[in-house]
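One structure is given below, encoded as structure tokens.
Whatever order the structure lists ligands and atoms in, that order sets their numbers, starting from 1.
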Amino acid sequence: MQLSFNERTALVTGAGRGIGKAIAEELARQGVTVICVSRNPDSCGAAAEAINAGGGKAVAKAVDVADGEAVAASAAALLKEHDSIDILVNNAGITRDTLLMRMSTEDWEAVLRTNLDSCFHWSKALLPAMARKRWGRVINVSSVIGLMGNAGQANYAAAKAGMLGLTRSLAREYAKRSVTVNAVAPGFIQTDMTSGLGEETEKAILQQIPLKRLGEPEDIANITAFLASGEASYITGQTFTVDGGMVM
Ligand code: NAP
């Protein structure tokens with residue numbers, strides 16, 4: 001489906017692999033210029049190269065999204081290089097799964113910093129320019145785990161639930177400037193993050209999914225592109241669960 005984008009530029013974090021890469025590719029297919037951010041320069045570099053080779057427009061930027069100062073410096077440099085950054089997709093994320101009794105402070109902080117603090121840093125850096133332009137989109141990639149909780153994922157669930165509160169608050173703060181802020185909560189999607197689940201766990205998960213399959217990164221890319229488009233201008237502060245019907 002061709003959506004309306006008017007010479008927009010998007011910044012997608014975690015665009016080197018998995019869901020973020022699919023989001024970057026879909027936005028580029030829609031004619032959006034994409035800034036692909038990941039931790040490793042090779043991964044965002046390869047993603048941007050593939051987009052450019054396919055006729056899209058993309059650049060790569062390696063930034064540790066957990067590092068507030070690095071995000072602020074990168075955002076300032078990018079805002080000078082590009083006329084505007086109209087769309088922010090906060091997608092970068094990690095897991096450090098273990099039960100609370102075994103969870104170290106380091107496991108807790110690494111997940112909160114990477115998955116939640118990063119959304120604060122990028123939003124703070126990029127929302128003022130969107131507000132001045134009176135057009136903007138923020139899409140935060142949360143998780144069904146942020147809605148349901150999960151044994152062994154207290155850090156991840158807390159970060160993903162935190163993203164939903166941040167989404168609703170920023171939606172209220174920026175609505176008067178025509179900047180929308182929404183969240184997508186994926187279920188189980190086939191990426192590197194879920195590749196180590198094991199056959200038994202995957203079987204158990206499939207039993208909880210009415211549509212009887214794991215999701216593909218494109219399932220998340222499609223709704224993200226829609227939320228970023230002109231067609232979604234009357235939608236803000238919402239969370240869209242894309243999980244094959246797991247949570248209903
Ligand atoms: P993935 O395949 O593991 O890819 C994660 C991406 O995030 C990579 O590009 C990685 O960069 C980047 N990243 C991680 N830490 C970073 C940091 N500190 N700074 C910059 N970039 C960083 O993960 P995925 O499955 O696509 O997940 C994407 C998002 O969807 C995550 O927020 C995840 O929590 C969420 N989600 C996933 C699922 C699922 O089933 N897969 C379900 C619900 C929600 P490098 O490439 O440089 O390593």
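- The N/O atoms of Ile189, backbone and side chain alike, include one that comes under 3.5 Å of an N/O atom in ligand 1.
- Among the atoms of Val63, some N or O lies under 3.5 angstrom from an N or O of ligand 1.
- The option with the heavy atom closest to atom 31 (C) of ligand 1, from among Val141, Asn91, Asn40, Leu214, is Asn91.
- Residue-level proximity to ligand 1 for Thr191 is carried by the side chain, the only part with a heavy atom below 4.0 angstrom.
- Residue contacts with ligand 1, taken as heavy atom pairs separated by less than 4.0 Å, involve Ala92 via backbone and side-chain atoms alike.
- Residue contacts with ligand 1 include Lys160, since one of its heavy atoms falls under 4.0 Å from the ligand.
- Taking only nitrogen or oxygen atoms, main chain and side chain alike, Ile19 reaches within less than 3.5 Å of ligand 1.
- Residue Asn115 places every heavy atom at 4.0 Å or more from ligand 1.
- On a distance-only criterion, Val65 and ligand 1 share at least one N/O pair closer than 3.5 Å.
- Ligand 1 has no N or O atom lying under 3.5 Å from any N or O atom of Ser143, backbone or side chain.
- Under 4.0 Å from ligand 1, heavy atoms of Asp64 appear from its side chain as well as its backbone.
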Go through the steps to decide whether Arg137 and Asp86 satisfy the test salt bridge (charged side-chain N to carboxylate O under 4.0 Å, His left out), and finish with yes or no.
CA-CA 6 Å; Arg137 298 280 189 268; Asp86 315 286; over 6 Å; no
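- No part of Ala185 comes within 4.0 Å of ligand 1, judged by heavy-atom distances.
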